[in-house]
Amino acid sequence: MSGIVVSVAIDAPRHAGLESTLSYTSERPLAPGTLVHVPLGRRQTAGIVWAGDADGPTTESALKTVTEVCDAIAGLAPEWCALVGFAASYYQRGIGEVALSALPAELRRLANPALASRVARLARHSAALGEAPARHEEEAPPKLSPAQAETAERIASLLRADVPGTVLLHGATGSGKTEIYLRATAATLDRGMKALVLVPEISLTPQLVGRFVARFPDRRVVTLHSGLTPAARLRHWLLAHTGHADIVLGTRLAVFASISRLGLIVVDEEHDPSYKQQEGARYSARDLAVWRGRHEAALVVLGSATPSLESWQRAETGNYMRLAMPDRIGGASWPTVRLVDMNRLPRRREMEAGLAPALVAALQQRIARGEQSLIFLNRRGYAPVLHCAECGWKSACPHCSAWRVFHKLDRTLRCHHCGLAEAVPRACPDCGNPDIAPIGRGTERLEEQLGSLLPGARIARIDADSTRKKGALEAQLGAVHDGSVDVLVGTQMIAKGHDFRRISLVAAVNPDTSLFSSDFRAPERLFALLMQAAGRAGRAAEGVGPSEMWVQTWHPAHPLYAALAQNDFAAFAATQLKERAIAGLPPYSHLAVLRTEAKTAQAARAFLSAAAECAAGLAQAGEVMVYAPVPLGIARVADVERMQMLVESASRQALQAMLRAWMPLLHALRVERKAPEQRILRWAVDVDPLTI
Ligand code: ADP
Ligand code: ZN
Ligand code: ZN
């Protein structure tokens, strides 16, 4: 069999001994980026013709032939292939895995004729596809505030530059960042370029899609996110790929959208952890957006009221241009922050409810004035653990190293890690004592406590339990909006995005736990959450009194709370960055973790120890520090032991070189272990991990 040898990226499992680009023969030359179908073992699989040499057999006679060339669509652009190549190499995954998982499943599945008919249909109906305007009236752009006008002007001039760079838009909650995104998009479209807008979660930002559609009624807006049906995902992807879409709005996976003439990438809420993929290729869509922008000469706008410290530091050093919009539209002021020193409260009866009397009085006042309050507690269920005072029994999960949470409403003990749910025992399972009692408090209990402290008040709760049914969240938010709720209790779900108008009091009743967490990013996340929660207050409509944010804390002197009270992100960032510099943590060092899961802790540890031994022999060993294996915070979940090992270097290049050399050794290690008790179930490297 003769033909031209092409290298094809395929999504092949590496542990099966396959590399992710393989050589095939083809009757005609195929340009890199061409979508093809090729045989792999006994099955057919989708692949992408890749530039460069492939691994695997090289003698032509041993090669299989490309089965089908999907030329109904243009091949993927070299820029797209470069992005995928970079992501694969940086996050230590196979090129084929990253490339194929970045494409809609339908695109990989369809044969060329079927694909051709989809494309033809798309061309016929392209005007009617994409996101339909929700409201028909076209949205007239508002007059910009002075801060917005200045920001929009700076961005417009960057858009005209040859090397537009990256902007960190540090804008307070309610400062009108969305309007800046809209203006930047308009300027981009005017230049005949396309815009990509990334958001953390589409379900939390349906208004955003609506605003883009309303602002650009004669342009095509498409969305890309995991909630689309396979057919819609393919349609939207094709609209972007064929250039029919002008604006692509999506979640992290949209960073891989095939868009040519990309002029602008917006990353809204750039600090949001959901930009980091937590499985497979553990990429950061924000970081890839910055890379993509640089590579394709597109302006990148990272927007946040509480930027990640990584981005903040890059703005400090001048790598990013910082543009600030500190004031809210309409002049709404920052709420007065009241820190309740829990050390100084009398241990009276009402304190058993864990609510300061002054806070309860403030809530009563709001109710009397017809205003709303929002109380925030990041723990769902009634109580995190049940306890027997006679024998010391606690509601441990038999499959996890965690307590089962007491849910009073359906009288269950539920493990939030493996999902095990059982009826609450009538008496202590160990000693028969009928008096088993809840310890601590979750949102259910807080709701109950508020009910007895505020008789007659209309109290609602929003958390993962209350919103399980489809449409429940919308209904509950609707009730808050139309004023039929006085006090809203909830987890971080209520701190995000929602634009409540009658809230004049926000309280965090137990935020301290994050201050002393072993995760060095916990304070950063807490600060972002509290700032966001505070941002819910004081957007208030006319006739609503001055707004307040209450924080119950045992550490009122903590600099984090001082910065919150001053609405001073810069001060918070400065103290955090100083601590990180001293401790040698990101952004002053670069991290990766090797995580592994096994049936026994010994097997997990043995794998990591062997991995550490391999690492010690590598050329970069001197520049890269490999720490001892440690169990994850919750070591066992569903009878699987989880352990990890931290790898750190002051040099990103050294870390990358070390990981590249290490990966094949790790793949080989896994193959070596054969005895079942020694076997590990999974391992993965996470580069730039968000949690350690
Ligand atoms: P952010 O995203 O910064 O939190 P938004 O973009 O949601 O803020 O804007 C807050 C509110 O201010 C929105 O209701 C928005 O419609 C309104 N807004 C923004 N810019 C203007 C403007 N120039 N004039 C009037 N209202 C504006
Ligand atoms: Zn007991
Ligand atoms: Zn469990």
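Counting convention: from 1, in listed order, for ligands and their atoms alike.
- In summary, the side chains of Ser308 and Ser311 do present a donor paired with an acceptor at a separation below 3.5 Å, with no hydrogens or angles considered.
- In this structure, a donor-acceptor pair under 3.5 Å is present between the side chains of Arg314 and Tyr320.
- At a 4.0 Å heavy-atom cut-off, ligand 1 touches Pro142 through the side chain alone.
- Between Ser274 and Asp272, the side chains place a donor N or O and an acceptor N or O closer than 3.5 Å (distance only, hydrogens not considered).
- For the salt bridge (Lys or Arg N to Asp or Glu O under 4.0 Å) criterion with Glu270, the lone passing option out of Arg252, Lys177, Arg286 is Arg286.
- When rounded to 10 degrees, the angle formed at the Zn ion (ligand 3) by SG (Cys400) and SG (Cys415) equals 110°.
- The angle subtended at the Zn ion (ligand 2) by SG of Cys388 and SG of Cys391 is 110°, given to the nearest 10°.
- When each atom of ligand 1 is checked for a heavy atom of Ala172 under 4.0 Å away, the hits are 3 (O).
- Residue Thr173 approaches ligand 1 through these ligand atoms, each under 4.0 Å from one of its heavy atoms: 4 (O).
- For atom 15 (C) of ligand 1, the choice among Glu179, Arg328, Arg211 with the nearest heavy atom turns out to be Arg211.
- Contact record, Pro307 with Trp312: CG-CE3, 3.8 Å, taken as the closest heavy-atom pair.
- The side chain of Ile329, and not its backbone, has at least one atom closer than 4.0 Å to an atom of ligand 1 (non-hydrogen atoms only; side chain from C-beta on).
- Listed by atom number, the atoms of ligand 1 under 4.0 Å from Lys143 heavy atoms are 22 (C), 23 (N), 24 (N).
- Here the options are His416, Glu422, His417, the test is side-chain hydrogen bond (donor to acceptor under 3.5 Å, both in side chains), and the partner is Arg404; only Glu422 passes.
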Checklist entry - Does the pair Thr596 and Arg642 meet the rule for a side chain to side chain donor-acceptor pair (under 3.5 Å), with working shown? => result CA-CA 6 Å; Thr596 187; Arg642 314 181 307 163; over 6 Å; no

Checklist entry - So Arg379 and Asp463, salt bridge (Lys or Arg N to Asp or Glu O under 4.0 Å) or not? Walk me through it. => result CA-CA 9 Å; Arg379 178 182 264 165; Asp463 56 27; over 6 Å; no

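- Within the 4.0 Å heavy-atom shell around ligand 1 one finds Gly174.
- Residue Ser145 approaches ligand 1 through these ligand atoms, each under 4.0 Å from one of its heavy atoms: 23 (N).
- Between the Zn ion (ligand 3) and His399 there is no N/O/S contact shorter than 2.8 Å.
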